[in-house]
Visitor: 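Following this message is one structure expressed as structure tokens.
Note that the structure is a prediction, hence the values are computed from the model and not measured. Chain naming here is simple, since letters A, B, ... match the order of the sequence lines and numbering starts at 1 in each.
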Amino acid sequence: MKNATMLSLWLAVGFAALPPSAIAADDPALEKKAVEMIKRDFKEKGIAKLDRLNLDAVQAACVKYSDKPPHEGSDGLDTLEKQQMAAIKWPADGKFMGDWKKGEVLAQSGRGMTWRDKPGDPNGGNCYNCHQLKPQELAYGTIGPSLLQYGKIRGNTPETQKYTYGKIYNAKAYNLCSNMPRFGHFGVLTEEQIKDLVALLLDPESPVNKK
Amino acid sequence: MADPMKIRATVQGDVAEIRVLVNHAMETGQRKDAKTGELVPAHFIQSLVAKLGDKTVLDAQIGPSVSRNPVFGFKVKGAKAGEKVVITWKDNKGDTRTDEATISAG
Amino acid sequence: MSFKPLMLAAALFALPIAVFAQGGGEAKDNTMAEIEKYREMLAGDNPAELYEAKGEEIWKRKAGPKDASLEKCDLGLGPGVVKGAYAQMPRYFADVNRVQDLESRLVHCMVTLQGFKAEDLTKEPFDTDDRKTDLNALVAYVVGASKGMTINPPLKHPQEKEMAELGKRIFFYRAGPYDFSCATCHAENGRRIRLQDLPNLTTHIGSQRAYGSWPAYRISEGLFRSMQWRINDCFRQQRFPEPQFGSDTVTALLLFLASNAAGGKYDGPGFKR
Amino acid sequence: MDKLRRMLLKGTGASGALAAALAAGVLKPGQVFAADWNKAAFDAKDIDGALKGAGVSGAADSKDVTIKAPDIAENGAVVPIEVASNVPKTQQIMVFIEKNPTPLAASFDLQNGTEPSVSLRVKMGQTSNIKVVAKADGKFYTTAKEVKVTIGGCGG
């Protein structure tokens, strides 16, 4: 009842989001001014240096097209996804599965890459921030889809292992303006860590695949 | 010097409802300082006494498991609007503070 | 392991969960219902009140090289008018010919009226466990004097209109090693990070609930936190470098949020996990 | 939550710091305080020690002692609780957080018309039972309630 009331209120008053059109492209002069403002107003702190404000090709396209780039063109989806895919460094040993127990610890940790993290501190996987994984963990986020039963649903095949490794390494190779960080591409996680996360998702013994 | 408390006291019938919000760090002594890595010394309220007029109505002993900026609420029978509530606390470093409030009709 | 205060990530503005709770299993609904009960039991007795009381005293007290109080400080509604002023900020101030948020304006007043040096006030502007700033207490006092009022930034001056538009663009700027923008977490309805619900700041309701309940006392730190701090910590968790205190980038974002929240109620200072 | 868990579970320095404070003689009871702070009870490291230190023995489970608290706390640094006793002649109410490093949180002597119902906010380092003991007419009555402490934010 309460929810229903709130929902109708929401629809009536505040549900309308900003126009989904390309905000940045709408007014190039204003966009330029905003970028100049950003470049002027930040200062480096700890490991967070000012070069983090510079956009790579993927970020630039996603900002420019409000996360909905066209397929064609040199800054289009097709070209950029292909480039990102080509840049994935696959494991030399051809193995994708590590230790799911280590993966679970990694999935729980939200640490890493902020100006408070020290150089050399291990980064976390941040997984539970956005995804549901093992059923016992109630404190999970919903920015990304639930990964409960991930391996059970998809099957622990070599193809799924490779896809899962690649997706964690660089989600943008599969969906250019995905919300998910590029953990391998930007060196946030090591090859071994990504393998541990693949195991957390696919190992039949992992709690993710248990009831 | 310690900062003032915030005391609310209202009466309905002859029961006063008293709530006090205390400004205190309530350090357990087991927390490490973010910058220095040193343990922050224990600093917490150990006693809190409430009086209605000159009668003690609540005599509390407190440990570091009570939250920072503590809140206590209690009810006293036989109170009247206009009476004074006086609350005094004292911590493990010997700091102390007394504040008072007048009971208002609820 | 060194001790570090727990910060919530992009979970920048807590909202009552009931509004945003989605389906997704009984366990989850039950968790959210219990957390809602937790919040209800905490309502009232907000430690932010202690900061408000202290801020009022600081506002009226003579201080600084010029030995003056802040009672002639103009927060936009005329010298000395505190009531309702925060609800109409950020705004354009002719005497400095720019748009200022509350904290920038307070620094301006402390410099011009009391003779303090701006760099001394803004070098380490945020409270720590053993260092509480006058500025932070003043923020609590001023925002408390807008409690219950309608959020209503003027948005009439060309600079005000432009700042809100710039803020929108900054909100959608994706960068850094995680490719995050503010919008990554705050542009969809019904999302959470861990258990923390994420308001959709591109909607009126999401902005009103978030902007309308900050600044706030934060339980996880046991400290009162201002908007400058709030935005600063957003950028930290976005894995960006640090925005400078009182910079246009922060003011622009605040005005963007205030403009989305306009017409809604200001209900701060808040009390957050 | 990690913060608090670390804060409460890490290290054993507290007793040292406290001992130093005591040695420095800063714990003189003021005139206003009737009883000395019960060091033995507050310093006890487990629930049995804390109960013993507080002089509690033979406490009977009782439905007349109640704890109102959320089943899940969003943040263990501040857990709001209301404790009450309907046992006639209740003169004292004690609150213990069983799994905290020092479980005794507070002890309330009720005098001159104060009702046996107190609200307060406590820290909880982890999911734990809250145990409340009421003393009435020289006898002890008790009840307990579990509160789960969740991981909030993203641990960054």
Visitor: Keeping the roles fixed (side chain from D:Thr102, backbone from B:Ser65), state whether a donor-acceptor pair exists under 3.5 Å.
Guide: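 The answer is no, because no donor-acceptor pair under 3.5 Å joins these two groups.
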Visitor: Can you tell me if D:Glu146 has over 12 outside heavy atoms packed within less than 6.0 Å of its CD?
Guide: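 Enclosed: over 12 neighbouring heavy atoms sit under 6.0 Å from CD of D:Glu146.
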Visitor: Could you grab the distance from atom CG of D:Asn100 to atom OG1 of B:Thr28, nearest 0.5 Å is fine?
Guide: 10.0 Å
Visitor: Would B:Phe74 and D:Phe108 count as a side chain to side chain contact (heavy atoms under 4.5 Å, CB included) here? Give the steps.
Guide: CA-CA 10 Å; B:Phe74 53 97; D:Phe108 302 94; over 6 Å; no
Visitor: Among D:Pro103, D:Ala105, D:Ser117, D:Ala41, who wins on heavy-atom pairs under 4.5 Å with chain B?
Guide: D:Ala105
Visitor: Return the minimal non-hydrogen interatomic distance between D:Asp36 and B:Gln61, and the atom names on each side.
Guide: O-NE2, 2.9 Å
Visitor: Taking the side chain as C-beta and beyond, is there a heavy-atom pair between D:Leu110 and B:Leu58 under 4.5 Å?
Guide: yes
Visitor: Could you tell me which of D:Gly113, D:Pro80, D:Ala106, D:Ser119 has the largest number of non-hydrogen atom pairs under 4.5 Å with chain B?
Guide: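 Top count of heavy-atom pairs under 4.5 Å with chain B: D:Ser119.
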Visitor: Near D:Lys148 NZ, under 6.0 Å, is it more than 12 heavy atoms from other residues, nucleotides or ligands?
Guide: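 Result for NZ/D:Lys148: open.
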Visitor: How many angstroms lie between atom CG of D:Asn112 and atom NZ of B:Lys77, to the nearest 0.5 angstrom?
Guide: 14.5 Å
Visitor: Could you look at D:Val79 and say if it's the side chain, the backbone, both or neither that has a heavy atom under 4.5 Å from chain B?
Guide: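 Only the backbone of D:Val79 comes within 4.5 Å of chain B.
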Visitor: Please name the pair of heavy atoms, one in D:Trp37 and one in B:Ile62, separated by the smallest distance, quoted to 0.1 Å.
Guide: NE1-O, 2.8 Å
Visitor: Find the one option among D:Glu115, D:Gln92, D:Glu82 whose heavy-atom pairs under 4.5 Å with chain B are most numerous.
Guide: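 Highest number of pairs under 4.5 Å: D:Glu115.
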Visitor: Who wins among B:Gly73, B:Pro70, B:Gly63 for the most heavy-atom pairs under 4.5 Å with chain D?
Guide: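 Highest number of pairs under 4.5 Å: B:Gly73.
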Visitor: Checking side-chain contact (heavy atoms from CB on, under 4.5 Å) between D:Gln111 and each of B:Asp59, B:Val76, B:Val57, which is the one that passes?
Guide: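 When side-chain contact (heavy atoms from CB on, under 4.5 Å) is applied between D:Gln111 and each of B:Asp59, B:Val76, B:Val57, only B:Asp59 qualifies.
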Visitor: Under a 3.5 Å distance rule, please check whether B:Gln46 uses its side chain to pair with a backbone N or O of D:Asn38 as donor and acceptor.
Guide: no
Visitor: Using a cut-off of under 4.5 Å for heavy-atom pairs, which of B:Ser67, B:Ala79, B:Gly78 has the most such pairs with chain D?
Guide: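 Ranked by heavy-atom pairs under 4.5 Å with chain D, first place is B:Ser67.
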